[in-house]
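This report refers to the structure that appears directly beneath it.
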Amino acid sequence: MKRYLLEIFAGLMLLWSCSDDKNKPDAYGTFESTEILVSALANGQILRFEIEEGQLLDSGQIIGFIDTTDLYLKKKQLVETRAATASRKDDVAAQIAVQEQNKENILIEKRRAEKLLKDGAATQKQMDDINASLNLIDKQIASLKIQFSGIENQVGSVIQQIAQLSESIARSKIINPVTGTVLTKYAENGEVATYGKSLYKIADLREMQLRVYVSGAQLSDIKIGEKVEVRFDKDIKTNSRIEGIVSWISQTAEFTPKTIQTKEERVNLVYALKVRVKNDGSLKIGMPGEIKLLPK
C-alpha cells in the first residue's frame, strides 16, 4: 500500500513538472515606449508653460510660449524698411515711365525730321541732334532700370528677413508634437530658454513595446505579425495576461543584457524582438514582462 501511494505521488509530481514546463515563459524582457524629448526652438524667457508630469497632451496642442518682444520689434522695423524701399521703387518706376514717354516723343520728332530731310526742308545736323537725344534717353532709361532692379532686390531681401522673423516668432510657441503622457518636466515658467534646451519628455503610453530576447533556436518559431501571450506581475503570486503582436525582430545577435538572466546565461548570444501591446494603464516603462509563444 505504501509503495502504491509513493507511485501515485511520483506520478503527480511528474504531471505537475510537465505542466509547469509547458507554462514556462519563452522569453523575458522589459516594457518600453518611444520617448520624445521636446526642446525649445527659440531663445528667451518662458512666459507660459502649462504642463505637469503625468498629464495627457494632444498632438498639436499649444502648451506655452517664449518671449518674442525683440523679434516683434525687429519685424516691425523691417516692415517699415520694406515700405520705404518699395516707395523708392515706385518713384524710379515713375521716372522710367516719364523717360519712356520722352523717348516716344523724340521718335515722333525723328520720323518727322526724316521726312523733311528727304524733302530738303531739314538739315543733317537736326537729325544728328535728334539721334543724340535718343541715345541720351536710352542711357537714362537703362540707368533707371538698373536702379529699379537694385531696389527690387533690396525689397526681396527685406521680405525674406521678415519671413525668417515670422518663422522665429512662430517657433516661440511651444507646441506638443505627439499625443502622449508627460514623463518628465525640465523647465518652469520664468526660466530663460535657449535654442535646443530640453523642456519635457513625452511618450504615447496607450500602446507599448515589450522588448524580449530569444535564442537562435527559438528564432525560427517567431514571425513578425505573430500573436503571443504577454505576461506581467498582477500581484506577488499571479500574472496578468494580455495579447501581444511581434512588431520587430533584430537581424543581428547580441549578448544577453545583464538585467535579463543569470550571469552564466548572459554570455549567450540572443536576438532582440519587440512585442506591441495595448496598455490600459497597468503597464509602466521599465516594468518586467515575459512572453509565451502560442501553439501553431
Linking I/L/V/M/F/W/Y whenever their side-chain heavy atoms sit closer than 4.5 Å, directly or via other members, would [X] and [Y] fall into one cluster?
{"X": "Ile46", "Y": "Leu41", "result": "no"}
{"X": "Leu273", "Y": "Ile224", "result": "yes"}
{"X": "Leu294", "Y": "Val212", "result": "no"}

About how many Å separate [atom2] of [Y] and [atom1] of [X], when rounded to the nearest 0.5 Å?
{"X": "Ile63", "Y": "Leu199", "atom1": "CD1", "atom2": "CG", "result": "7.5 Å"}
{"X": "Ile141", "Y": "Phe148", "atom1": "CD1", "atom2": "CZ", "result": "14.0 Å"}
{"X": "Thr34", "Y": "Ile285", "atom1": "OG1", "atom2": "CD1", "result": "9.5 Å"}
{"X": "Thr252", "Y": "Leu269", "atom1": "OG1", "atom2": "CG", "result": "10.0 Å"}
{"X": "Leu73", "Y": "Thr68", "atom1": "CG", "atom2": "OG1", "result": "9.0 Å"}
{"X": "Gln99", "Y": "Asp138", "atom1": "CD", "atom2": "CG", "result": "10.0 Å"}

Where the side chain of [X] meets the backbone of [Y], is there a donor-acceptor pair that is under 3.5 Å apart?
{"X": "Ser172", "Y": "Phe65", "value": "no"}
{"X": "Ser143", "Y": "Lys139", "value": "no"}
{"X": "Asn176", "Y": "Asp58", "value": "yes"}
{"X": "Ser59", "Y": "Pro177", "value": "yes"}
{"X": "Gln101", "Y": "Val98", "value": "no"}
{"X": "Asp26", "Y": "Leu293", "value": "yes"}

Decide if atom [atom1] of [X] counts as having more than 12 heavy atoms of other residues, nucleotides or ligands within a radius under 6.0 Å.
{"X": "Gln77", "atom1": "CD", "result": "no"}
{"X": "Gln251", "atom1": "CD", "result": "no"}
{"X": "Lys173", "atom1": "NZ", "result": "no"}

Assess the side chains of [X] and [Y]: does a donor N or O sit below 3.5 Å from an acceptor N or O?
{"X": "Glu109", "Y": "Asn105", "result": "no"}
{"X": "Gln95", "Y": "Asp91", "result": "no"}
{"X": "Lys197", "Y": "Ser39", "result": "no"}
{"X": "Gln209", "Y": "Ser247", "result": "yes"}

Salt bridge between [X] and [Y], side-chain N to carboxylate O under 4.0 Å?
{"X": "Lys274", "Y": "Glu32", "answer": "yes"}
{"X": "Glu50", "Y": "Arg48", "answer": "yes"}
{"X": "Asp129", "Y": "Lys125", "answer": "yes"}
{"X": "Lys76", "Y": "Glu80", "answer": "no"}

With a 4.5 Å cut-off on side-chain heavy atoms, are [Y] and [X] touching?
{"X": "Leu57", "Y": "Ile51", "value": "yes"}
{"X": "Glu254", "Y": "Tyr213", "value": "yes"}
{"X": "Arg88", "Y": "Gln154", "value": "yes"}

Please step through side chain to side chain contact (heavy atoms under 4.5 Å, CB included) for the pair Ile291 and Leu210, ending with a clear verdict. CA-CA 9 Å; Ile291 67 168; Leu210 174 61; 3.6 Å; yes
Testing the basics here: between [X] and [Y], what is the closest heavy-atom pair and its distance to 0.1 Å?
{"X": "Val155", "Y": "Arg82", "answer": "CG1-CG, 4.3 Å"}
{"X": "Tyr186", "Y": "Ser198", "answer": "CB-O, 3.4 Å"}
{"X": "Ile66", "Y": "Ala42", "answer": "CD1-O, 3.8 Å"}
{"X": "Val178", "Y": "Ile202", "answer": "O-CD1, 3.7 Å"}
{"X": "Asn189", "Y": "Phe49", "answer": "OD1-N, 2.5 Å"}
{"X": "Gly180", "Y": "Leu56", "answer": "O-CD1, 3.2 Å"}

When the ring planes of Phe232 and Phe31 are compared, do they come out parallel, tilted or perpendicular, using 30° and 60° as the limits?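 Aromatic pair Phe232/Phe31 classed perpendicular.
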In chain order, what residues pass the salt bridge (Lys or Arg N to Asp or Glu O under 4.0 Å) check against Glu229, with sequence neighbours excluded?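 For Glu229 the salt bridge (Lys or Arg N to Asp or Glu O under 4.0 Å) partners, ignoring immediate neighbours, are Arg231, Arg241.
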Keeping to residues at least two apart or across chains, list the salt bridge (Lys or Arg N to Asp or Glu O under 4.0 Å) pairs with something in residues 147-159. none
With side chain to side chain contact (heavy atoms under 4.5 Å, CB included) as the criterion, how do Thr85 and Ile151 come out once you've worked through the C-alpha distance, each side chain's angles and the decisive distance to 0.1 Å? CA-CA 7 Å; Thr85 307; Ile151 295 172; 3.7 Å; yes
So among Asn279, Thr179, Asp280, which one has a side-chain contact (heavy atoms from CB on, under 4.5 Å) with Arg206?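 Exactly one pass, corresponding to Thr179.
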Could you walk me through whether Glu53 and Lys185 satisfy the salt bridge (charged side-chain N to carboxylate O under 4.0 Å, His left out) test, starting with their C-alpha distance in whole Å, then the side-chain angles of each, then the deciding distance to 0.1 Å, before giving a yes or no? CA-CA 6 Å; Glu53 293 179 359; Lys185 184 179 179 182; over 6 Å; no
I would like to know whether Lys75 and Ile169 meet side chain to side chain contact (heavy atoms under 4.5 Å, CB included); could you show each step before the answer? CA-CA 9 Å; Lys75 180 180 176 180; Ile169 291 173; 4.1 Å; yes
Working for side-chain hydrogen bond (donor to acceptor under 3.5 Å, both in side chains), residues Thr238 and Asp235: CA-CA 5 Å; Thr238 60; Asp235 50 46; 2.7 Å; yes
Would you please test Glu167 and Arg171 for salt bridge (charged side-chain N to carboxylate O under 4.0 Å, His left out) and show each step? CA-CA 6 Å; Glu167 178 64 21; Arg171 286 174 174 265; 3.1 Å; yes
Go through the steps for Leu134 and Lys110 under the test side chain to side chain contact (heavy atoms under 4.5 Å, CB included), then give the verdict. CA-CA 9 Å; Leu134 278 175; Lys110 180 181 179 181; 3.7 Å; yes
Residues passing the side-chain contact (heavy atoms from CB on, under 4.5 Å) test with Asn153, sequence neighbours excluded, are Ser149
